[in-house]
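Everything on this sheet refers to the single structure shown next.
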Protein chains: 2
Amino acid sequence: MSGALKDAAIRVERPAKTLRELALDKVREAIVNGYFRPGDRLVERDMCAQLGVSRTIVREVLRHLESEGLVANLPNKGPIVAQLDLDEAKQIYEIRGVLEGMAARLCAQRGSPEIVTALETSLQGIRDSYRDKDMPGVLSHTSSFYQTLFTMVDRHVAWGVVNLLTVRINHLRSMTIKTKNRDIEGPRQMAKIVDAIRNGDGEGAYKAAMDHVAAASAIAEAVLSAKDSAE
Amino acid sequence: MSGALKDAAIRVERPAKTLRELALDKVREAIVNGYFRPGDRLVERDMCAQLGVSRTIVREVLRHLESEGLVANLPNKGPIVAQLDLDEAKQIYEIRGVLEGMAARLCAQRGSPEIVTALETSLQGIRDSYRDKDMPGVLSHTSSFYQTLFTMVDRHVAWGVVNLLTVRINHLRSMTIKTKNRDIEGPRQMAKIVDAIRNGDGEGAYKAAMDHVAAASAIAEAVLSAKDSAE
DNA sequence: AATCGTATTATGGCGTACCACACACTATCA
DNA sequence: TGATAGTGTGTGGTACGCCATAATACGATT
């Protein structure tokens, strides 16, 4: 028995990730942070060269991203980076609203101090990042705030859904957080969520989470319609 | 010109779907209706033979189903049909509850008679199928009931999410609908949703939809824990 | 005979080459 | 000038081959 344990302890940590997973992450990253722009064609053989992998891998990666909604396939034309229209974005925000509201209510009902502590840590991270004008930091701390909200009450499936939807609006997110006053209003709204959770106020937490997403949605709508009329 | 038209007239109608999509549907079908059982290994080369397509296609299909959550990949072992545990099933029902509740509320607020008519048609289809002991019919009419709920208020994204989650619990669904009294209780609960929508009672519709899913979840839990203890 | 090492097999991961087809563009010729 | 035939680009799909790993079977050694 102790031998087995020892073996486990010594075990060399292999990368474990397959080439395909690495490529998948790279391409998703590239789409999410704007290296590939919406509407760009994703030519298989070009991507083989850029990624340094075979077409087999590229094709599987493209299929995967297609099912995530990040890539669209034009018949007889091939894959492009999916375009996001206003209506779809609003729907995504709406869904996030109800799911995050649900998670917030569950957190409040759970009433565990660790949740509050973890949320406050993330929230402080957001404030610090805003102060340092570190926008990627804002996004990642915001993500971890919501991740806490879901995983602390063991809602991994819902968190997966939210994540899936969020990547599709990622470039919107990076625009909304740069909006005027968002550095004050955003954290203030999230603090209201935390307060309600601390007080065990389920309905208050639900409403605060919904409000926060609604605000983000409104900003996104303004940003997106402004961009549309500019083009 | 007339020559071109003539050519167009005799043009052979090829299926618009690619081979890959056909294979994807076939395999998903096979998993959903139990031809492949949870835990079964999905050996690539065997599937090539069974489907009559190349390994490339099979691999892309497996990747796609993996991202849908129907297939799991064991490291150094390969793909298997995903197992569903009780906790995950409960989470899926919970998410469906909030999303279907949301859609029901929106339908009630919209207050359009066509929605009520369409829902009643589906509901009658369910009742007829129950009467004829046509269980696949029950499932498909139930699906179209919810599809109406979502698409009549243009919530295609949410409908997509619900669909994605539903395939993962499909074999549970086919067990819950066979439960005692479900042929009476199920349609009764759905009728309550329709009634609330007809009366423009948003909160009532929300609650009725939540109740219906909650009932299904409870039955699924009973079924699943009974099966676990039996094995 | 029990055990330990080794060969074999099954299978996935990955790469390459190839053909067919659709589409867009272009140059050419009447 | 305008139709037409080429030409290039790119995906859909297939076949084959190689390598790494895990499991199993088999055989040798003590």
Side-chain angles (χ1 to χ4, degrees), chain A residues 3-4 7-8 10-27 31 36-37 39-67 70-83, chain B residues 1-27 31 36-37 39-67 70-82:
Chain A
D7 285 353
I10 294 188
R11 180 176 205 92
V12 9
E13 275 310 323
R14 263 183 314 184
K17 281 202 169 184
T18 65
L19 199 52
R20 173 167 46 84
E21 292 173 290
L22 295 173
L24 176 61
D25 290 342
K26 278 258 188 268
V27 177
I31 293 177
F36 293 125
R37 311 276 289 278
D40 280 2
R41 293 192 60 179
L42 299 170
V43 177
E44 291 181 5
R45 286 172 173 91
D46 291 355
M47 300 190 65
C48 294
Q50 291 184 46
L51 293 168
V53 299
S54 77
R55 218 180 131 206
T56 310
I57 305 287
V58 170
R59 288 179 61 148
E60 290 175 17
V61 166
L62 288 174
R63 297 304 151 250
H64 196 118
L65 292 172
E66 190 184 342
S67 75
L70 274 180
V71 165
N73 239 317
L74 307 181
N76 297 324
K77 209 64 184 300
I80 62 171
V81 178
Q83 315 254 13
Chain B
M1 181 65 100
S2 85
L5 275 177
K6 203 166 153 195
D7 285 351
I10 62 170
R11 182 180 203 88
V12 319
E13 274 309 325
R14 264 189 315 183
K17 285 198 169 185
T18 64
L19 201 53
R20 195 181 57 241
E21 293 173 287
L22 295 173
L24 176 62
D25 290 343
K26 277 259 188 268
V27 178
I31 293 177
F36 293 125
R37 311 278 287 280
D40 280 3
R41 293 191 60 180
L42 299 170
V43 177
E44 292 181 3
R45 287 171 173 90
D46 291 354
M47 299 190 66
C48 294
Q50 292 184 45
L51 294 168
V53 298
S54 76
R55 224 177 126 201
T56 308
I57 305 287
V58 170
R59 291 181 55 121
E60 288 176 352
V61 166
L62 288 175
R63 300 288 97 80
H64 196 117
L65 293 172
E66 189 185 343
S67 74
L70 275 181
V71 165
N73 239 317
L74 306 182
N76 295 324
K77 208 68 183 299
I80 62 170
V81 178

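FYI, side chains are in, hydrogens and waters are out, and symmetry mates aren't considered; it's all heavy atoms of this structure.
- In this structure, A:L42 and A:M47 approach most closely via the heavy-atom pair CB-SD, 3.7 Å.
- B:T18 places a side-chain heavy atom less than 4.5 Å from the side chain of B:E21.
- The distance between atom CG of A:D46 and atom P of D:dT9, rounded to the nearest whole Å, is 11 Å.
- Closest approach to the A:E44 side chain among D:dT14, D:dG12, C:dG15 is made by D:dG12 (side chain taken as heavy atoms from C-beta onward).
- Rounded to an integer number of Å, the gap from A:R41 CZ to D:dT9 P is 12 Å.
- Mapping A:T56 and A:P79 onto DNA chain D by nearest heavy atom places A:P79 at the nucleotide closer to the 5' end.
- Within the 4.5 Å cutoff, no side-chain heavy atoms of B:R59 are placed close to those of A:R59.
- Residues B:I31 and B:V71 form a side-chain contact, since some pair of their non-hydrogen atoms from C-beta on lies under 4.5 Å apart.
- Distances shown here put a side-chain N or O of A:R63 below 4.0 Å from the OP1 or OP2 atom of D:dG12.
- Put simply, the side chain of B:R63 reaches to within 4.5 Å of the side chain of B:N73, judged on heavy atoms.
- In this structure, A:G52 and A:K77 both approach DNA chain C, and ranking their closest nucleotides by distance from the 5' end singles out A:G52.
- Atom CG in B:L22 sits roughly 13 Å away from atom C1' in D:dG13 (whole-Å rounding).
- Taking only side-chain atoms of A:L19, from C-beta outward, the nucleotide of D:dT14, C:dC14, C:dG12 with the closest atom is C:dC14.
- When distances run from any side-chain atom of A:V43 to the nucleotides D:dG12, C:dC14, D:dG10, the shortest one goes to D:dG10.
- For A:R55 against D:dG12, a side-chain N or O and a base N or O form a donor-acceptor pair under 3.5 Å.
- When each of D:dG13, C:dC14, D:dA15 is scored by its nearest atom to the side-chain atoms of B:R20, the top-ranked nucleotide is D:dG13.
- Residue contacts shown for B:L42 are limited to sugar-phosphate atoms, with no base heavy atom under 4.0 Å away.
- Counting to the nearest Å, the P atom of C:dG13 and the CD atom of A:E21 are 9 Å from each other.
- Residue-to-nucleotide proximity on DNA chain D shows that, of B:R45 and B:V53, the 5′-proximal contact is made by B:V53.
- Summarising the geometry, the separation between CG on A:L74 and C1' on C:dA24 is reported as 15 Å, rounded to the nearest angstrom.
- As a whole-Å value, the separation of A:I57 CD1 from C:dG12 C1' is 11 Å.
- A:E60 has its CD atom 12 Å from the P atom of C:dG12, to the nearest Å.
- The interatomic distance linking A:L51 (CG) with C:dC14 (C1') rounds to 14 Å, in whole Å.
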